[in-house]
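See below for the structure under consideration.
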Amino acid sequence: MNFQLVTQNYDSVPADWLIVGIPAADGFPATVSALDESLGGSISRVREAKDLTGENAETVALLDAANIAAKRVLLLGVGKPEEITRASLHKAVMTAARLVSSKETTTIAIALPDLSRDGCSQADQLETAVAALEIGCMGQGIYHREPKRFAFENATVVIAPADDETELQSAIDRGQIFGEAVNLTRDLVNRPAQDINPISFAAVAEGLANQYGLGCEIFDEDRLREEKMEALLGVARGSDQPPRMVSLKHNGSAEDAPTLYLCGKGVTFDSGGLSLKPSAGMLDMKMDMAGAATVLGAMIAIARLELPVNVVALMGLTENMVNGSSYKLGDVLTARNGVTIEVHNTDAEGRLVLADVLSYAVDQKADCIIDLATLTGACMVALGNDVVGAFTNDQPWCDTVLAASRDRGELLWQMPMYELYDELIKSDVADIKNVGGKWGGAITAAKFLEQFVGDTKWVHLDIAGPAFSDKNQPHQEGGATGVMVRTLVEVAGRFS
Ligand code: BES
Ligand code: MN
Ligand code: ZN
């Protein structure tokens with residue numbers, strides 16, 4: 001999408017749709033009143049009819065906008081000025097973008113009154129709105145013969161003459177990078193396993209790394225074996241698709257500066273293995289590489305923003321399938337760090353993949369680690385569909401991640417890691433087993449991962465629920481969401 005910043009009266013901006021932010025307050029901002037006048041008072045009439053309260057994400061379409069340069073106007077509630085956050089604005093603009101992109105629309109304009117406040121400046125608001133425009137006009141219908149959603153080609157952002165244009169222009173550039181990164185993640189997650197397998201995922205990552213100047217290393221099976229990644233290789237045995245690990249490097253700071261490691265679960269299809277999933281539970285399992293796709297999206301944004309930090313992304317890529325060589329229940333796998341694991345359920349494969357990836361990160365002298373994984377259904381039972389679970393061995397590091405997610409408006413909730421849970425993953429045969437029983441499943445999975453991070457500061461994010469939605473909502477299309485991309489970039493921006 002091409003973005004253009006203009007200072008103009010609202011009535012002279014040409015567009016298929018002009019989206020106008022309306023606060024939930026008495027009266028209208030002067031810019032809106034001027035537009036109302038050009039429109040012969042239609043905006044005040046809808047308000048008098050109580051159809052326009054300005055409540056967040058409320059939409060009122062004026063389809064026949066005579067006398068102004070835009071063809072149609074969408075009045076968009078942005079809520080009470082004192083309550084505006086990135087999250088509220090994201091929801092509002094997503095709603096507008098989804099509404100407007102469901103018909104053939106190529107050119108849009110957006111005019112938000114300056115409602116800057118503490119903790120959410122005008123630049124923050126524009127950045128958020130621009131990202132939401134990018135995200136909201138892209139959907140999961142990538143295989144429709146007749147498109148049902150139309151990505152905008154041109155967007156005009158209207159600001160007042162007094163505003164700091166240079167600052168707002170860079171906010172727009174940033175918003176575009178954020179939006180495109182989220183869409184990159186969503187696109188990869190939305191593509192079925194017939195298209196995205198470990199080899200093709202690695203090829204996409206390598207192509208993007210070359211495009212944006214990231215270091216890239218791809219570990220093939222021989223290299224994985226050399227690295228003793230027998231837990232990952234155990235999972236991969238049941239698939240005809242060979243596994244890979246991708247490592248991407250962004251050197252934004254001095255060589256001896258601390259390095260942040262982002263590790264992602266990249267199971268490109270999770271059938272459950274011999275502990276086969278029922279069909280209903282298997283349908284969405286093309287999304288089981290969302291952790292890896294999130295890490296990749298974030299990494300591309302980090303590179304494009306040229307953040308002055310050192311970041312390495314590691315993506316563990318494999319299918320979890322069934323064939324004559326599949327790993328079996330009762331098998332014992334020796335992970336990279338020597339820990340032996342008795343397999344009680346081949347569907348608890350994500351933790352096996354991450355075990356080796358995390359231990360590799362530790363050996364590379366990671367200073368801080370965040371891993372992302374669609375790890376457990378239990379996390380969805382605990383927190384629902386919209387909230388990511390956080391688990392840590394280091395409270396200050398976790399607080400950093402929690403603060404970043406709060407500022408970016410992504411919902412994250414920390415879960416306990418009491419020692420007593422360690423009992424649940426002990427095995428009579430090996431050091432540990434890969435399931436912890438019926439209760440506290442998201443926590444026992446995290447406890448399993450903790451065995452592989454040593455003393456390195458680590459946060460595990462279980463994105464099983466929020467990474468993928470099975471329904472369309474006004475503010476969010478079903479399918480992949482790209483959750484946590486923005487939080488990861490925010491964490492990287494603060495990392496030093
Ligand atoms: N990929 C799944 C977790 C999942 C479930 C993600 C639903 C998104 C939606 C994971 O590999 C898995 O199968 N976990 C099992 C673990 C169990 C066997 C201990 C689960 O959650 O049932
Ligand atoms: Mn599984
Ligand atoms: Zn899985």
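Each ligand, and each atom within it, is numbered from 1 in the order the structure gives. The chain is numbered in sequence order, starting from 1.
- Screening Asp284, Asp270, Asp288, Thr294 for a side-chain hydrogen bond (donor to acceptor under 3.5 Å, both in side chains) involving Thr374 leaves a single residue, Asp288.
- The protein heavy-atom contact nearest to atom 2 (C) of ligand 1 is Asp270 OD2, 3.6 Å.
- A salt bridge links Arg223 with Glu227: at least one charged nitrogen is closer than 4.0 Å to a carboxylate oxygen.
- Exactly one of Val204, Asp195, Asn183 qualifies for a side-chain contact (heavy atoms from CB on, under 4.5 Å) with Leu188. That residue is Val204.
- Atom 5 (C) of ligand 1 has as its closest protein heavy atom Met285 CE, 3.8 Å.
- Taking 4.0 Å as the cut-off between side-chain N and carboxylate O, Lys277 and Asp347 count as a salt-bridged pair.
- The Zn ion (ligand 3) has an N, O or S atom of Glu349 inside 2.8 Å of it.
- Nearest to atom 10 (C) of ligand 1 by heavy atom, out of Leu352, Leu375, Asp470, is Leu375.
- Ion pairing between a basic and an acidic side chain is recognised when a charged N comes within 4.0 Å of a carboxylate O; Glu180 and Arg304 show such pairing.
- The N, O or S atom of Asp270 with the smallest distance to the Zn ion (ligand 3) is OD2.
- The pair Arg237-Asp331 meets the salt-bridge criterion, with a side-chain N (NZ, NE, NH1 or NH2) lying under 4.0 Å from an Asp/Glu carboxylate O.
- As for Glu349, its N/O/S atom nearest the Mn ion (ligand 2) is the one called OE1.
- Ring pair Phe448/Phe452 is tilted by interplanar angle, where 30° to 60° counts as tilted.
- A salt bridge links Arg336 to Asp363: at least one charged side-chain nitrogen sits closer than 4.0 Å to a carboxylate oxygen.
- Shortest contact from atom 21 (O) of ligand 1 to any protein heavy atom: Gly377 N, 2.7 Å.
- Evaluated by nearest non-hydrogen atom to atom 13 (O) of ligand 1, the leading choice among Asn434, Val381, Asp288, Asp347 is Asp347.
- Between Asp462 and Lys265 there is no salt bridge, since no side-chain N of the basic residue sits under 4.0 Å from a carboxylate O of the acidic one.
- Assignment of Met289 to the shell around ligand 1 is not supported, since no heavy atom sits closer than 4.0 Å.
- For a distance bound of 2.8 Å, the N, O or S atoms of Lys265 include one lying that close to the Zn ion (ligand 3).
- Heavy-atom distances between Lys265 and ligand 1 reach below 4.0 Å in at least one pair.
- Between the side chain of Lys249 and the backbone N or O of Val312 there is no donor-acceptor pair closer than 3.5 Å.
- The Mn ion (ligand 2) lies closest to atom OD2 when only the N/O/S atoms of Asp270 are considered.
- Between Glu349 and ligand 1, at least one N/O pair is under 3.5 Å apart.
- Of all protein heavy atoms, the one closest to atom 19 (C) of ligand 1 is Val435 CG1, 3.4 Å.
- Restricting Asp288 to its N, O or S atoms, the one at the least distance from the Zn ion (ligand 3) is OD2.
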